[in-house]
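Letters go in sequence order (proteins before strands), and every chain restarts at 1. Every heavy atom of this structure was used, including side-chain atoms; hydrogens, water molecules and symmetry mates were not. Given the structure is predicted, the values throughout are model-derived calculations rather than measurements.
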Protein chains: 2
Amino acid sequence: MKPESRAYSSYSRDALTLLAQIIRRARIERKLTTQELADRAGISRGLVQRIERGDPGCAIGAVFETAAIVGVRLFDADQPTMAAHLSANSATLALLPKSVRRSRGSVKDDF
Amino acid sequence: MKPESRAYSSYSRDALTLLAQIIRRARIERKLTTQELADRAGISRGLVQRIERGDPGCAIGAVFETAAIVGVRLFDADQPTMAAHLSANSATLALLPKSVRRSRGSVKDDF
DNA sequence: AGCAAATGCCTCGTTTATGATCCATACTAA
DNA sequence: TTAGTATGGATCATAAACGAGGCATTTGCT
């Protein structure tokens, strides 16, 4: 399937749009032109525009990097805290079953 | 530039890895196989694997959708709250200057 | 008002991600 | 321990993202 014609839940679409808005707002508040932001992120101006439009097809790395440059944090934590979460998560992950067994019948669908 | 060979700040790399971990963890806890998750997200199993590996080149739409399916919220808010943020942000955005003027000299670099 | 610059939005060529498939290995349940 | 299944990873064809460049419009400064 193509990112263009994929089906998105309203939540992920909203989240995407919101992130885009926040990035755009942060860029303007920091007085960076789209070109300057593009240069700093190592991407093209066109991509910055797509990111600020909330295009679902943009590479997540480009979006996160762009966000970071204008000071937007997906996880509001500093470096050491992030690292802590990373290792803590790794530990938890290590305790979970390595593979998921299909328990015929029900699936956790509560969200 | 290619998503593969792009330069990423340590923060965005960490954020990406953390998100990947969280998604993987949520999938396992919900007892979904990679294939089932892929089917529900309308993507391939291979893409789910790349997402759970934190590949920066994945389309952000696919990642957000996958996250949503396993119950991971990028913004911890419910539908109406999200909508509120969206419109509030639009309003704020409307008040900001439409274009950024290069004020030669200094640039806000404090982050 | 006038002008330089920023933005929005195209198109096109290239590079890349994605889906499909397959295989080897790891794992879980019985 | 064994059988069946999930996972990891690799390859290949195809579809799509990205970069480059251009053009029209809008914007903000003077």
Distance, rounded to the nearest Å, where [X] contributes [atom1] and [N] contributes [atom2]:
{"X": "A/Asp55", "N": "C/dA17", "atom1": "CG", "atom2": "C1'", "answer": "14 Å"}
{"X": "A/Leu95", "N": "C/dC27", "atom1": "CG", "atom2": "P", "answer": "14 Å"}
{"X": "B/Leu32", "N": "D/dT7", "atom1": "CG", "atom2": "C1'", "answer": "15 Å"}
{"X": "A/Lys31", "N": "C/dA6", "atom1": "NZ", "atom2": "P", "answer": "14 Å"}
{"X": "B/Leu47", "N": "D/dA16", "atom1": "CG", "atom2": "P", "answer": "14 Å"}
{"X": "B/Asp39", "N": "C/dG19", "atom1": "CG", "atom2": "P", "answer": "11 Å"}
{"X": "B/Ile60", "N": "C/dT18", "atom1": "CD1", "atom2": "C1'", "answer": "17 Å"}

> Start at the 5' end of DNA chain C and walk down; is the nucleotide closest to B/Arg50 or to A/Pro97 reached first?
Replying inline: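 The residue mapped nearer the 5' terminus is B/Arg50.
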> Hey, which of these two, A/Leu96 or A/Gly46, hits DNA chain C nearer its 5' end, going by closest nucleotide?
Replying inline: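 Counting from the 5' end, the first nearest nucleotide belongs to A/Gly46.
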>> Hydrophobic clustering (ILVMFWY, side-chain heavy atoms < 4.5 Å, transitive) - are A/Leu18 and B/Leu93 grouped together?
In response: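 No, B/Leu93 and A/Leu18 fall in different hydrophobic clusters.
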> What distance separates B/Thr66 OG1 from B/Leu37 CG, expressed to the nearest 0.5 Å?
Replying inline: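 Here the rounded value is 5.5 Å.
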> Start at the 5' end of DNA chain D and walk down; is the nucleotide closest to B/Lys98 or to B/Glu52 reached first?
Replying inline: B/Glu52
> Pick the nucleotide of DNA chain D nearest each of B/Val100 and A/Val100; which residue has the one closer to the 5' end?
Replying inline: A/Val100
[X] side-chain proximity, nearest of [options]:
{"X": "A/Gln49", "options": "C/dC9, D/dG19, C/dT18", "value": "C/dC9"}
{"X": "A/Cys58", "options": "D/dT27, C/dG19, D/dC18", "value": "D/dC18"}
{"X": "A/Arg24", "options": "C/dG8, C/dC27, C/dT18", "value": "C/dG8"}
{"X": "A/Arg53", "options": "C/dG19, C/dC9, D/dC18", "value": "C/dC9"}

>> I'd like to know whether B/Ser9 forms a side-chain hydrogen bond (donor to acceptor under 3.5 Å, both in side chains) with B/Ser12, so could you lay out the CA-CA distance, the side-chain angles of the two residues, the decisive distance to 0.1 Å, and finally the verdict.
In response: CA-CA 5 Å; B/Ser9 68; B/Ser12 48; 2.9 Å; yes
> Below 3.5 Å, does any donor atom in the side chain of A/Arg45 face an acceptor in the base of C/dG8, or the other way round?
Replying inline: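 Indeed there is one.
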>> Distance criterion of 3.5 Å, no angle test: do you see the side chain of B/Arg101 paired donor-to-acceptor with the base of D/dT27?
In response: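 Result: at least one qualifying N/O pair found.
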>> Set out, in order, the CA-CA distance, both residues' side-chain angles and the distance that settles side chain to side chain contact (heavy atoms under 4.5 Å, CB included) for A/Leu19 and B/Phe75, then state yes or no.
In response: CA-CA 9 Å; A/Leu19 179 56; B/Phe75 301 97; 4.1 Å; yes
Are any of [X]'s side-chain N or O atoms less than 4.0 Å away from OP1 or OP2 of [N]?
{"X": "B/Thr34", "N": "D/dT7", "answer": "yes"}
{"X": "B/Arg6", "N": "C/dT15", "answer": "no"}
{"X": "A/Arg27", "N": "C/dA6", "answer": "no"}
{"X": "A/Ser99", "N": "C/dC27", "answer": "no"}
{"X": "A/Thr33", "N": "C/dA6", "answer": "no"}

>> Taking A/Arg13 first and then B/Glu65, would you say they form a salt bridge - that is, a charged N and a carboxylate O separated by under 4.0 Å?
In response: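 Salt bridge absent between A/Arg13 and B/Glu65.
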> Can A/Glu36 and A/Arg40 be counted as an ion pair, charged N to O under 4.0 angstrom?
Replying inline: no
